[in-house]
Visitor: 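Here it is, the structure in full.
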Amino acid sequence: MRTPMAFLLCALFSCSSIAESAFDIVKKSDLAMRGESSYSESTMEIVRPSWTRSMSMKSWTKGTELSLVLVTAPAKDKGSASLKRHREMWNWVPSIERVIKIAPSMLSQSWMGSDFTNDDLINQSSIVVDYRHSLIGEEPFDGSSMWVIEAVAKPDAPVVWSKVTLWISKSNYLQRKVHFYDEFDELVNELTTYDVKILDGRALATRMEMHPVDEPGNKTVLTTHEAEFDFDIEDRFFSQQQMQALRD
């Protein structure tokens, strides 16, 4: 039997929306975008009012705890890599032949000069485990119906953003828009995603745009060209040795 509050929620959001918890929706969204394992080839374009810089990269993930990103171009950045294993993260800088551990204080730093932080790009699945989630509404975006979910960082969680608002597609669980807030509850970055295509049998938003709200004219565009999902890959692939050994 439904309580009066349940009837009110049904009226506001529809009963189908509250059948799944906000946490379940976010977890399914994370799985929809990366699967049990993933590999992708993409291009990142850093856009500034007076210049533009591009780089190419390959990335691998396994579950929510293992990820590896390799820069394959341009020549001056080729071979640079970022690794996440559980709660630890490192960068490999081939020009100085040095592995640099990413301390929690470095998570908010720009990744390779882009508008993505180390936390955004290397520690993406943190949104599932380090936040508490609430369904706050429903809105359309890019012609599709979205759940709007507020994620608030758990106390002492090693994250950059104190709050994140996600617009998640009801049809395929893809995150189509994300707002990132600092500890003062001020909006810092806005991520929007477009060009949903089927890659390796899975729907994927192949163009992501990160906009810093206080810097008009600045943005970073991440375009995915190829992707594979749910293949066998051993945990030992995600190691400092592999990070240093990877080549284009």
Side-chain angles (χ1 to χ4, degrees), residues 33-34 38-61 67-84 89-96 98-103 105-127 141-142 159-161 164-167 174-182 186-197 199 204-227 243 246-248:
M33 294 188 298
R34 77 184 73 247
S38 71
Y39 165 78
S40 64
E41 297 182 12
S42 55
T43 302
M44 177 178 282
E45 185 178 35
I46 303 168
V47 179
R48 298 293 181 260
S50 59
W51 56 267
T52 299
R53 181 166 71 91
S54 296
M55 68 180 78
S56 300
M57 65 186 71
K58 298 179 179 181
S59 62
W60 297 259
T61 70
S67 68
L68 178 57
V69 181
L70 171 71
V71 176
T72 57
K76 71 182 185 67
D77 298 315
K78 185 175 180 178
S80 300
S82 299
L83 170 69
K84 174 194 173 186
M89 288 173 274
W90 301 266
N91 284 333
W92 163 244
V93 186
S95 60
I96 59 174
R98 184 180 173 191
V99 173
I100 301 173
K101 186 167 185 178
I102 302 175
S105 60
M106 298 171 63
L107 288 175
S108 61
Q109 292 182 3
S110 164
W111 188 84
M112 299 292 292
S114 73
D115 296 302
F116 289 85
T117 67
N118 285 316
D119 191 57
D120 296 330
L121 203 67
I122 312 170
N123 198 29
Q124 299 172 43
S125 60
S126 170
I127 192 66
F141 175 78
D142 198 26
V159 296
V160 171
W161 310 112
V164 179
T165 305
L166 307 103
W167 283 255
L174 294 181
Q175 294 174 20
R176 301 303 312 279
K177 184 165 72 170
V178 186
H179 284 176
F180 301 89
Y181 295 83
D182 63 16
E186 293 185 357
L187 179 62
V188 177
N189 284 347
E190 178 180 286
L191 176 72
T192 49
T193 70
Y194 304 96
D195 298 344
V196 176
K197 299 177 182 179
L199 297 181
L204 193 69
T206 59
R207 179 164 60 93
M208 307 170 67
E209 296 188 3
M210 185 72 85
H211 298 259
V213 297
D214 289 337
E215 298 178 80
N218 288 15
K219 67 177 180 179
T220 298
V221 182
L222 182 63
T223 304
T224 301
H225 307 290
E226 297 182 29
M243 176 174 63
L246 279 173
R247 296 291 182 270
D248 183 11

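In what follows, every heavy atom counts, from backbone to side chain, and hydrogens, waters and symmetry copies are set aside.
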Visitor: Are Met112 and Leu121 packed together at the side-chain level, in the sense that at least one heavy-atom pair is separated by less than 4.5 angstrom?
Guide: no
Visitor: Does either side chain, that of Thr117 or that of Ser108, offer a donor lying less than 3.5 Å from an acceptor on the other one?
Guide: no
Visitor: In the structure I gave you, are the side-chain heavy atoms of Leu174 and Met33 within less than 4.5 Å of one another anywhere?
Guide: yes
Visitor: Kindly indicate, with the supporting measurements, whether the criterion side-chain contact (heavy atoms from CB on, under 4.5 Å) is fulfilled by Thr193 and Gln175.
Guide: CA-CA 8 Å; Thr193 70; Gln175 294 174 20; 5.9 Å; no
Visitor: Got a second to check how far Leu199's CG is from Thr206's OG1, nearest 0.5 Å?
Guide: 7.0 Å
Visitor: NZ of Lys78 to CG of Leu70: how many Å apart, nearest 0.5 Å?
Guide: 9.0 Å
Visitor: On a heavy-atom basis, which atom in Pro212 and which in Asn189 lie closest, and how many Å separate them?
Guide: CA-OD1, 3.2 Å
Visitor: Please report the C-alpha distance between Arg53 and Asp77 in whole Å, then the side-chain angles of each, then the deciding distance to 0.1 Å, and finally whether the side-chain contact (heavy atoms from CB on, under 4.5 Å) criterion is met.
Guide: CA-CA 12 Å; Arg53 181 166 71 91; Asp77 298 315; 3.3 Å; yes
Visitor: Check for a donor-acceptor pair, side chain of Asn118 on one end and backbone N or O of Met106 on the other, with a separation under 3.5 Å.
Guide: yes
Visitor: Can you give me the closest heavy-atom contact between Val178 and Trp167, atom names plus distance?
Guide: N-CE3, 4.3 Å
Visitor: If you compare all heavy atoms of Val71 against all heavy atoms of Trp111, which two are closest, and at what distance to 0.1 Å?
Guide: CG2-CH2, 3.8 Å
Visitor: Using only atom types and a distance under 3.5 Å, with no angle test, would you say the side chain of Thr165 pairs donor to acceptor with the backbone of His179?
Guide: no
Visitor: Under 3.5 Å, is there a donor-acceptor pair between the Ser38 and Thr61 side chains?
Guide: yes
Visitor: Side chains of Asp120 and Trp161: any donor to acceptor distance under 3.5 Å?
Guide: yes
Visitor: Given side chains that start at C-beta, do those of Met55 and Ile46 come closer than 4.5 Å, heavy atoms only?
Guide: yes
Visitor: Give the minimum heavy-atom separation between Met243 and Leu83, together with the two atoms involved.
Guide: SD-CB, 3.5 Å
Visitor: Does any part of the side chain of Leu107, heavy atoms only, come nearer than 4.5 Å to the side chain of Val159, both counted from C-beta?
Guide: no
Visitor: Can you find a pair of side-chain heavy atoms, one from Thr223 and one from Ser42, that are under 4.5 Å apart?
Guide: no
Visitor: Give the minimum heavy-atom separation between Tyr181 and Leu187, together with the two atoms involved.
Guide: CD2-N, 3.5 Å
Visitor: Just how far is it from atom CE of Met210 to atom NZ of Lys219, taken to the nearest 0.5 Å?
Guide: 13.5 Å
Visitor: Look up atom CD1 in Ile100 and atom CH2 in Trp92, then write down how far apart they are to the nearest 0.5 Å.
Guide: 10.0 Å
Visitor: Decide yes or no for Met44 and Ser114: does some side-chain heavy atom of the first lie under 4.5 Å from some side-chain heavy atom of the second?
Guide: yes
Visitor: Over all heavy atoms of both residues, which pair between Pro94 and Gly79 is shortest? Give the atoms and the distance, please.
Guide: CG-C, 3.7 Å
Visitor: Check step by step if side-chain contact (heavy atoms from CB on, under 4.5 Å) holds for Lys58 and Leu246.
Guide: CA-CA 10 Å; Lys58 298 179 179 181; Leu246 279 173; over 6 Å; no
Visitor: Only pairs at least two apart or in different chains count here, so list each salt bridge (charged side-chain N to carboxylate O under 4.0 Å, His left out) that has a residue in residues 41-52.
Guide: Arg48-Asp115
Visitor: Can you measure from CH2 (Trp60) to OG (Ser67) and round to the nearest 0.5 angstrom?
Guide: 11.5 Å
Visitor: Might you work through the side-chain hydrogen bond (donor to acceptor under 3.5 Å, both in side chains) test for Thr72 and Ser56, ending with a clear yes or no?
Guide: CA-CA 5 Å; Thr72 57; Ser56 300; 4.6 Å; no
Visitor: For the atom pair OG1 (Thr192) and CZ (Arg207), what is the distance rounded to the nearest 0.5 Å?
Guide: 7.5 Å
